[in-house]
Amino acid sequence: EAEWEYACRAASTTSYCFGNSAESHGEYDWFGTDLKAKPHPVGLKKPNRWGLYDMHGNVCEWCQDWFASYPSSAATDPQGPIQGSNRVYRGGCFGLVADRRRSASRFSCPPSTKENFLGFRVAMSLPVKKPDASSSK
């Protein structure tokens, strides 16, 4: 879940990856009355500064973490509990108002839930390349 928010924010500190105003949403995500209440193909709107599309709308995305309340103190890369009844999903979807599509918005439901507003993003860590010793001067 923390990794999802990090990717959504793309180094921003604002409510959305593109600023604090919801006025630019139409350029970045699918929502509200500009569609017929269904998911759309990815990549038709602007990406965030890291090249990720539809982070604030289109479909909500399942996260690996089980849902729990956040700790009251500041945390870096917090992990969810090791078990639970609801999984976290993030990102907002085409049917949610702008405030519910913020970078920090979070939701949960049982992992057996199947809805047209829920999806997932395939992601992986890239291996770190070690510098080639023969190319150093």
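Sequential numbering from 1 along the given sequence is applied to the chain's residues.
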Legend entry - Atom CZ of Arg100: over 12 foreign heavy atoms under 6.0 Å: no
Legend entry - Tyr6 ring center near Trp50 ring center (under 6.0 Å): yes
Legend entry - Between OG on residue Ser112 and CG on residue Asn86, distance to nearest 0.5 Å: 9.0 Å
Legend entry - Test item: Lys45 side-chain N/O and Gly26 main-chain N/O as donor-acceptor pair under 3.5 Å: yes
For residues 66-79, run the donor-acceptor check on the side chains, cut-off 3.5 Å, and write out each pair with its distance to 0.1 Å, sequence neighbours left out.
from, atom 1, to, atom 2, distance (Å)
Tyr70, OH, Glu1, OE2, 3.0
Tyr70, OH, Arg106, NE, 3.2
Gln79, NE2, Asp77, O, 3.4

Legend entry - Cationic N near anionic O, under 4.0 Å, Arg87 to Asp65: no
Legend entry - Pair Thr113-Glu115, side-chain contact (heavy atoms from CB on, under 4.5 Å): steps then yes or no: CA-CA 6 Å; Thr113 303; Glu115 297 288 345; 3.8 Å; yes
Legend entry - Qualifying residues under ring pair (Phe, Tyr, Trp, His ring centres under 6.0 Å), relative to Phe18, sequence neighbours excluded: Tyr16, His25, Tyr28, His56
Legend entry - Check: Tyr89 and Cys63 side chains under 4.5 Å, non-hydrogen atoms: no
Legend entry - Backbone N/O of His40 and side chain of Asn58: donor-acceptor pair under 3.5 Å: yes
Legend entry - ILVMFWY network linking Leu96 to Leu118, side-chain heavy atoms under 4.5 angstrom: yes
Legend entry - Hydrophobic cluster membership, Val42 vs Trp30, 4.5 Å side-chain cutoff: no
Inset, instruction - Would you name the heavy atoms of Asp99 and Ser105 that are closest together and state the gap between them? - result: O-OG, 3.4 Å
Legend entry - Verdict with supporting geometry, Arg101 and Asp29, side-chain contact (heavy atoms from CB on, under 4.5 Å): CA-CA 10 Å; Arg101 295 191 320 271; Asp29 62 36; 3.7 Å; yes
Legend entry - Cluster check Phe107, Phe117: I/L/V/M/F/W/Y, side chain < 4.5 angstrom: yes
Legend entry - Ser103 side chain reached by Thr14 side chain, heavy atoms, under 4.5 Å: no
Legend entry - Ion pair check, Glu61 and Arg90, cut-off under 4.0 Å: no
Inset, instruction - Answer whether the closest heavy-atom distance between the side chains of Asn116 and Pro39 falls below 4.5 Å. - result: yes
Legend entry - Rounded distance [0.5 Å steps], CZ in Arg49 versus CZ in Arg9: 11.5 Å
Legend entry - Stepwise side-chain contact (heavy atoms from CB on, under 4.5 Å) check, Phe120 with Cys60: CA-CA 8 Å; Phe120 65 94; Cys60 295; over 6 Å; no
Legend entry - Sidechain-backbone polar pair: Asn48 side chain, Gly51 backbone, donor-acceptor under 3.5 Å: yes
